[in-house]
Amino acid sequence: MITRFAPSPTGHLHVGGARTALFSWALARAMGGRFLVRIEDTDQARSSMEAVEGLLEDLHWLGMDWDEGPALGEVGGDPRGIGPFFQSERTDRYDTAIQQLLERDLAYPAFETPEELDALRAEAQREKRNFRYLRPDGWDRDAALERWQAGEPCVIRFRMPRSDVTVEDAILGSVPFEAEQLDDFVLRKRDGFPTYHLAVVVDDEQMGVSHVLRGQEHLNNTPKHMALQHALGYRVPVFGHLPVIQNADGSKMSKRDKDKTARAFTKEAGVDPVTLPIESDRLARWLGDKRGQLETSELDALAAALGLVLPEITVEDFRRGGYLPEVVVNFLALLGWSPGEKLEDGRDLERFDPGFLAERFSLDRVGRSNARFDRAKLLAFNQETIGAMDEDAFAARWSGWLRRYAPAAVSTELDVPLFLRATRPRSRTLADPTAPDGPGAFALSSDEGFGYDDKAVTKWLAKGDPSGFVRLAELRQTVAEIEPFSPDAIEASIASWCEAREIGMGKAAQPLRVAVTGSAASPALGDTLAILGRESVLARIDRCLGEQA
RNA sequence: GUCCCCAUCGUCUAGCGGUCUAGGACUCCGCCCUUUCAAGGCGGCAACACGGGUUCGAGUCCCGUUGGGGAUGCCA
């Protein structure tokens, strides 16, 4: 068995692609087969080398390895001599295939311009007809070949056989397609590059791919691919079409969602284009073209300029968001696959690592219905995994994330182990401890840099008899003398202070907490104060007393 | 419009004709614990889209309706 993942390098790996890759990888691993990666860069306008590198790194980060394909460290290579793995470097092979088809009159040049085709489509739509391109009956082959030979710009189309095709899908079963629905699709574009349809068929054959897993959005393409395979005398691989991953609103979760969100927001915001970080002609074109896509960097810049939060779509988005790769893999695997096993206590087995998938994955347990991507559940999985790690493992993961995404977030003076002890149980992602509104925010601002929550001040400091301010002033003295200034000693000292006055801990803890963090919620009091350090705590108490009382 | 796919709690799913008064997870809501917020423990709400068949028996099989999704590109 040979499976493959064949992304087009137009940006980071998105979650749909990640799941396709994951299932393909897991299938090969579970069946003792091979898994290869191929880069489908036939769209010259949109492909880039940075995207290739990003894609490979995303795959690697998720824990997948490939036996054949572009090299990334130890992974990849070409042991069978089936490369290159970039379609842009395989054009001779596509030309050969096209030549064969042309000679047998199974393919032919077509000279309509894109504009003419657009017009034909528009006309068909007006008349509520289905447009499909077919070679006319009285077509003059010699004349067409002559024009082609003369170098007239054209595309090469496949002569789709006028017969019904049934796709035997390993997930969906038999899927019939009527001949009337199939048209003479393009094999080679005007720019000389093959279309996806031709390239994928040629490469899968030449690379010996036996099982093709892909999203259901490709199901309609499959009869075309099968017809091509028959025409070229190729083997037909086993196809498996995976259900679509949907957004919360039920639409397909796609890379273009970022463009979609940004486009809608830009139009609505009604800002002067000159103030935006994108050249105005390009911006106008993008705004007017639903199919147009900006580069990731452009989108990020635009979002920043507009104060817009782009939807998380790519693996990199989730990595930046502080999700763990094994959790992403686990969650993605559950979107359309389940092990179908119960634990001893009657719960479903649903938490597993990539190794489990690689051992147990099978096509017969892949679902057929679309699945919505539920952030809440992903977050819950991430939190649970973070909570279950031992301290060192968590610290290592967290600092790895910090170095990559927020190297300046914490000062060198911070007691990191203590900080993490306090923030980890309150964190759902690696980004949470240092998030601006996260559980560790109080420790990351200067003594003057945070604001006081009015409600908290009123409730815990202004009210009461004696008031919180009065207690706070008394506590200041106690706090100044705690030795050592450790969580346990602080807790013990405050507790005995309360005991002596026969009052509950809350009467002391809350005024203190509000004074040093500005809010009524923070980690345990001992941890909170110890993280700040005595000096900072006293400074904040003084500030509070002076500013709020 | 046309073609294709799909249909169990709000969401992800288990269920492959009787063991289903439909199980689990997430979310949500209570209660406990508690110096706050979390975490943790316990409990609760919540689904077989509808209509016909087939069958002794249907969430499970068939057909239709409705609903959702995908495709309809010289993108992949």
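Just so it is clear, the model here is predicted, and its values are computed rather than measured. Proteins get letters first, then strands, A, B, ... in listed order; numbering begins at 1 in each.
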* Which part of the nucleic acid, if any, lies within reach of Gln246(A) when heavy atoms closer than 4.0 Å are counted: base, sugar-phosphate only, or nothing? -> sugar-phosphate

* **Pairs satisfying ring pair (Phe, Tyr, Trp, His ring centres under 6.0 Å), at least one member in residues 157-194 of chain A, at least two apart** => Phe158(A)-Phe185(A), Phe185(A)-His197(A)

* Asn220(A) side chain, from C-beta outward: closest of U72(B), A71(B), A25(B) -> A71(B)

* Asked: Considering only the P atoms, how many Å lie between C56(B) and A22(B), rounded to the nearest integer?
  -> 26 Å

* To do: At under 4.0 Å between heavy atoms, which parts of nucleotides 6-11 of chain B does protein reach? Answer with one letter per nucleotide, 5' to 3': B base, S sugar-phosphate only, - none.
  => SS---B

Check the interface with nucleotides 37-40 of chain B: list each N/O to N/O pair with the protein under 3.5 Å, or write none.
unit_1	atom_1	unit_2	atom_2	d
C37(B)	O2	Arg426(A)	NE	2.5
C37(B)	N3	Arg426(A)	NE	3.4
C37(B)	N3	Arg426(A)	NH2	2.8
A38(B)	O2'	Pro425(A)	O	2.8

* Looking only at atom P, what distance separates C61(B) and C74(B), rounded to whole Å? -> 39 Å

* To do: Among the candidates A76(B), A25(B), G70(B), find the nucleotide nearest to the side-chain atoms of Glu350(A).
  => A25(B)

* To do: Under 4.0 Å between any heavy atoms, over every strand shown, what does Arg347(A) touch: base, sugar-phosphate, or nothing? Just pick one.
  => sugar-phosphate

* With respect to the side chain of Gln181(A), which nucleotide from G15(B), C3(B), U27(B) is positioned closest? -> C3(B)

* Asked: Looking only at N and O atoms, is any donor in the side chain of Arg256(A) or the base of G73(B) less than 3.5 Å from an acceptor on the other one?
  -> yes

* Asked: Taking the side chain of Arg190(A) as heavy atoms from C-beta outward, which of C74(B), A71(B), A25(B) is closest to it?
  -> C74(B)

* Asked: Does Arg121(A) make a side-chain N or O approach to OP1 or OP2 of C74(B) shorter than 4.0 Å?
  -> yes

* Asked: Got a donor-acceptor contact below 3.5 angstrom from the Asp164(A) side chain to the Ala179(A) backbone?
  -> yes

* Aromatic plane relationship, Tyr196(A) with His225(A) - under 30° parallel, 30 to 60° tilted, over 60° perpendicular -> perpendicular

* Among the candidates A14(B), U35(B), C4(B), find the nucleotide nearest to the side-chain atoms of Leu219(A). => C4(B)

* Asked: Are Gln87(A) and Arg90(A) close enough that a side-chain donor and a side-chain acceptor fall under 3.5 Å?
  -> no

* Look through every strand shown and name the nucleotide pairing with A7(B) as Watson-Crick or G-U wobble, where both distances are under 3.5 Å. => U66(B)

* Pair Arg351(A)-Asn330(A), side-chain hydrogen bond (donor to acceptor under 3.5 Å, both in side chains): steps then yes or no -> CA-CA 7 Å; Arg351(A) 299 306 312 274; Asn330(A) 189 175; 2.9 Å; yes

* Do the rings of Tyr108(A) and Tyr133(A) sit parallel, tilted or perpendicular, given the 30° and 60° boundaries? -> parallel

* Asked: A71(B) base to Asn221(A) side chain: any donor-acceptor pair below 3.5 Å?
  -> no

* Structure fact -> Of the listed A76(B), C74(B), G73(B), the closest approach to the Asp43(A) side chain comes from A76(B)

* Write down the distance between CZ (Arg375(A)) and C1' (C28(B)), rounded to a whole number of angstrom. => 19 Å

* Asked: Do the ring planes of Phe373(A) and Phe331(A) sit parallel (below 30°), tilted (30 to 60°) or perpendicular (above 60°)?
  -> perpendicular

* So, does the side chain of Arg129(A) form a donor-acceptor pair with the base of U2(B) at under 3.5 Å? -> no

* Asked: Looking only at atom types and distance, does a side-chain atom of Arg501(A) sit under 3.5 Å from a main-chain N or O of Trp497(A), one as donor and one as acceptor?
  -> yes

